[in-house]
Amino acid sequence: MRWSQSFIPTLRDAPADAEAVSHKLLVRGGYIRQLHSGHYSLLPLGLKVHNKVANIVRKEMDAIGGQEFLLPAMHPATIWQQSGRWDVMGDEMFRLKDRSGVDLALGMTHEEIFSTLGIELKSYKELPQTWYQIQTKFRDEPRPKSGLLRVREFAMKDSYSFDLDQAGLDKSFTLHHDAYVKIFDQLGIIALPVQASSGSMGGSASIEFMVPSPAGEDDVIRCSSCDYRANVERGTSALEATDDKPGPDAPFRIATPGIRTISALAAIYDDAPASRQIKTLVVVIDDVVSLVLLRGDHQLNNQKLQDSASAINVRPADPEEIIAALGASPGSLGAVGVTDLPIYADHGLNGRTNMTTGSNEDDWHLGGVDISRDIEISAWHDLREVAAGEKCIECNAELEIIRCIEAGHIFKLGQKYSHAMGISVLDENGRAVAPVMGSYGIGIGRAVAAIAENCHDDKGLIWPPSVAPFTVVITLLNIDQADSITVSEALYKGLTDTGVEVILDDRKARPGVKFADSELLGIPIRVTVGSKGLSNGTVEITLRKSNETSEINVDEALPYLLNLIATY
RNA sequence: CGGGAAGUGGCGCAGCUUGGUAGCGCACCUGCUUUGGGAGCAGGGGGUCGAAGGUUCAAAUCCUUUCUUCCCGACCA
């Protein structure tokens with residue numbers, strides 16, 4: 001491709017709106033442009049990178065027996081109603097009506113739609129099946145942000161496996177897991193597989209592939225010693241034993257005028273450090289006012305609560321609801337004597353005695369509280385959010401928390417959709433069996449952004465060769481000089497003829513502009529053709545990644561480049 | 001949805017406080033010079049100042065409403 005004829009609108013300044021590095025560089029490099037919030041146009045170079053990522057994904061899906069489909073992006077409401085997710089998906093699903101008033105949705109994912117085809121599976125002999133597509137998904141995100149990282153319209157590779165039994169699903173799941181490892185390896189980014197929450201997908205297990213980056217939105221717990229890794233929405237840690245001194249036979253009242261916080265109580269009352277207080281939160285779980293109890297120094301993880309309660313929606317109660325439920329204001333709340341509300345307690349409180357908590361009367365707390373004796377716990381769950389520095393449940397080493405981009409997510413769905421959508425096959429005994437399903441996703445555009453987040457310097461992008469829009473840029477410094485033109489054109493033809501993707505910078509522009517643009521674009525190899533080198537019979541070959549430059553004789557340049565590309 | 005910020009040519013910004021008919025840098029076009037790290041000079045093109053309403057002889061500027069975008073939080077497969 002000739003640069004002079006290409007649409008590559010590079011910018012010296014990033015738009016003021018851009019914050020994330022990938023966003024700035026992809027816009028400045030002429031890869032993407034925003035149409036409106038959460039919707040981006042891919043420009044020719046952006047599409048090239050996008051396609052390369054998609055093709056790597058495609059290749060690895062094919063390698064595990066995946067068959068590519070393309071399903072509609074627009075769906076009838078009825079099919080989502082059949083699975084129950086028409087309601088579950090809430091505001092995040094784009095909905096519309098056609099001219100006759102029929103409810104429609106833009107697909108956020110395709111479990112239901114693939115299931116309509118799964119109905120045609122009739123025999124265990126046809127299983128397993130692995131089906132996938134690379135299709136546009138629509139999600140009405142509450143807050144699109146950071147360029148391609150969080151958008152409302154994006155291409156996603158989604159695949160679905162159908163197996164006869166759990167053992168089959170385990171195998172399909174492992175195949176996908178290993179394929180994902182290979183994919184991210186080829187994309188040139190580190191993606192840590194971590195235990196994750198399944199969220200609205202349901203199902204028994206899920207693993208996310210997380211790319212460490214400050215631009216990410218998820219926190220991952222990582223053990224400094226063993227290979228324990230989990231999303232904070234899912235992971236836990238070992239708690240050190242707490243010494244509760246023996247308590248009284250019944251709780252006693254403590255006058256605490258004006259005390260409204262855990263830390264304030266700990267400060268004035270020696271016997272109530274935060275770790276020996278009970279924190280009482282009032283939440284509304286699918287319209288049911290409920291209490292959540294945690295150790296005073298622990299934080300609630302909302303997703304854990306939502307998962308534990310199998311809830312669609314969890315929100316903090318507002319002050320009026322709290323007073324109506326408990327008769328006191330936040331800061332003085334407790335669960336002792338509460339019998340009419342569901343009470344969820346975190347495992348960190350299990351077996352604890354002689355603790356301090358609110359009394360549901362402003363300015364008074366209760367001491368000597370024994371959890372099992374004094375509080376009617378409805379259910380015990382893991383609800384607290386792990387903090388950095390806590391100890392690993394596997395090996396007791398220190399845990400760290402790292403910010404990550406969720407680049408892929410694989411789920412064991414089980415039979416939820418098979419049952420809901422009416423898929424069944426006959427097993428070898430002639431009995432109808434609902435296949436066990438799995439679902440597996442990689443966001444293509446998000447992967448592009450994740451690579452950009454990880455592969456750049458202060459001059460611009462540094463694409464891994466596997467996804468670079470071009471492998472080589474020939475920087476022709478003087479477009480009026482016959483020698484330079486001859487050498488450049490010969491190299492251009494030589495590389496093109498061997499299938500190397502090259503862009504020839506034949507623009508009428510100053511050298512500084514050409515160098516800066518080639519670095520901004522992040523093309524792995526630059527060949528500089530100029531009079532300085534040609535006077536010695538050489539061209540310069542520069543690696544974007546290391547900025548390492550070699551002077552190579554003109555005659556040897558082509559084989560040198562081909563060898564360099566082969567061994568990059 | 002709560003909090004904050006911002007909308008002026010393709011990009012970055014000034015002008016607004018104190019109303020007087022829009023400007024700077026980059027980019028773009030023409031010419032000359034220059035030519036190995038974002039050139040210089042000269043000339044030139046391009047903007048309903050987000051939108052609507054109001055105040056006024058006069059509104060980018062003041063008032064009201066509204067839309068949009070970004071950031072933090074909430075939320076989120």
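The basis for the numbers below is simple: all heavy atoms, side chains too, and nothing from hydrogens, waters or symmetry mates. In what follows, chains are A, B, ... by sequence order, proteins preceding strands, each numbered from 1.
- As the counterpart of B/rA60, no nucleotide is assigned, since no Watson-Crick or G-U wobble pattern has both distances under 3.5 Å.
- Within the 4.0 Å cut-off from OP1 or OP2 of B/rA77, not a single side-chain nitrogen or oxygen of A/Arg85 is found.
- Comment: A/Lys304 engages A/Asp382 in a salt bridge, judged by a side-chain N to carboxylate O separation of less than 4.0 angstrom.
- Within residues 29-38 of chain A, the residues approached by RNA chain B to less than 4.0 Å at the level of any non-hydrogen atom are A/Gln34, A/His36, A/Ser37, in residue-number order.
- B/rA59 and B/rC16 have their C1' atoms separated by 10 Å, with the value rounded to a whole Å.
- Note that the OG1 atom of A/Thr78 and the CD atom of A/Glu112 stand 11.0 Å from one another [nearest 0.5 Å].
- Each of A/Val314 and A/Ala20 has a nearest nucleotide on RNA chain B; the 5'-most of these lies closest to A/Ala20.
- With sequence neighbours excluded, the residues that form a side-chain hydrogen bond (donor to acceptor under 3.5 Å, both in side chains) with A/Trp131 are A/Gln129.
- The residues A/Arg403 and A/Asp218 are annotated as not salt-bridged, no charged nitrogen and carboxylate oxygen being separated by less than 4.0 angstrom.
- The pairing partner recorded for B/rC49 is none, the criterion being a Watson-Crick or G-U wobble arrangement whose two distances lie under 3.5 angstrom.
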Side-chain donor-acceptor pairs of residues 518-531 of chain A under 3.5 Å, sequence neighbours excluded:
residue, atom, partner, partner atom, Å
A/Ser518, OG, A/Phe515, O, 3.0
A/Glu519, OE2, A/Arg526, NH1, 3.4
A/Arg526, NE, A/Thr528, OG1, 3.2

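- Computed from coordinates, the A/Glu208 CD to B/rA77 P distance equals 10 Å when rounded to whole Å.
- The separation between A/Asn313 atom CG and B/rA74 atom C1' is 12 Å, rounded to whole Å.
- Partners of A/Arg229 according to the side-chain hydrogen bond (donor to acceptor under 3.5 Å, both in side chains) rule, which considers only residues two or more places apart in sequence or in another chain, do not exist here.
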In B/S/- notation (B base, S sugar-phosphate only, - none; protein heavy atoms under 4.0 Å), nucleotides 35-46 of chain B written 5' to 3' is -BBBB-------

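- At the heavy-atom level, A/Ser146 lies under 4.0 Å from the strands shown only through sugar-phosphate atoms.
- Comparing B/rA77, B/rC75, B/rC70 against the side chain of A/Asp17 picks out B/rC70 as the nearest.
- The nucleotide B/rA39 finds its pairing partner in B/rU33, both defining distances of the Watson-Crick or G-U wobble pair being shorter than 3.5 Å.
- Rounded to the nearest Å, the gap between the C1' atom of B/rU8 and that of B/rU68 is 15 Å.
- Remark: A/His23 engages A/Tyr40 in a side-chain hydrogen bond (donor to acceptor under 3.5 Å, both in side chains) (not counting sequence neighbours).
- For A/His177, the ring pair (Phe, Tyr, Trp, His ring centres under 6.0 Å) partners are A/Phe209, not counting sequence neighbours.
- Distance CG (A/Leu300) to P (B/rG73): 17 Å, rounded to an integer number of Å.
- Residue A/Arg315 is classed as having no contact, given no heavy-atom separation below 4.0 Å to the nucleic acid.
- Here A/Trp3 and A/Phe470 keep their ring centres 6.0 angstrom or further from each other.
- Heavy-atom nearest nucleotides on RNA chain B were determined for A/Asp13 and for A/Met108, and the one closer to the 5' end corresponds to A/Asp13.
- Annotation: B/rC41 and B/rA5 have their P atoms spaced 40 Å apart (nearest Å).
- Taking the C1' atoms as reference points, B/rA52 lies 13 Å from B/rU48, given to the whole Å.
- Here B/rA5 sits opposite B/rU69 as a Watson-Crick or G-U wobble pair (both hydrogen-bonding atom distances under 3.5 Å).
- Taking the C1' atoms as reference points, B/rG19 lies 8 Å from B/rA58, given to the whole Å.
- Pairing for B/rG10 is with B/rC26, a Watson-Crick or G-U wobble pair whose two hydrogen-bonding atom distances lie under 3.5 Å.
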Show the atom names and distances, to 0.1 Å, of all donor-acceptor pairs under 3.5 Å that link a side chain in residues 5-19 of chain A to residues at least two apart or in another chain.
residue, atom, partner, partner atom, Å
A/Ser6, OG, A/Arg2, O, 2.7
A/Thr10, OG1, A/Asp517, OD1, 3.3

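- Nucleotides B/rU61 and B/rU30 have their P atoms positioned 37 Å apart, rounded to a whole Å.
- Distance CG (A/Leu148) to P (B/rC70): 13 Å, rounded to an integer number of Å.
- With sequence neighbours left out, the side-chain hydrogen bond (donor to acceptor under 3.5 Å, both in side chains) criterion links A/Gln81 to no other residue.
- Annotation: B/rC72 and B/rG46 have their C1' atoms spaced 38 Å apart (nearest Å).
- For B/rU21 and B/rA60, the C1' atoms lie 11 Å apart once the distance is rounded to whole Å.
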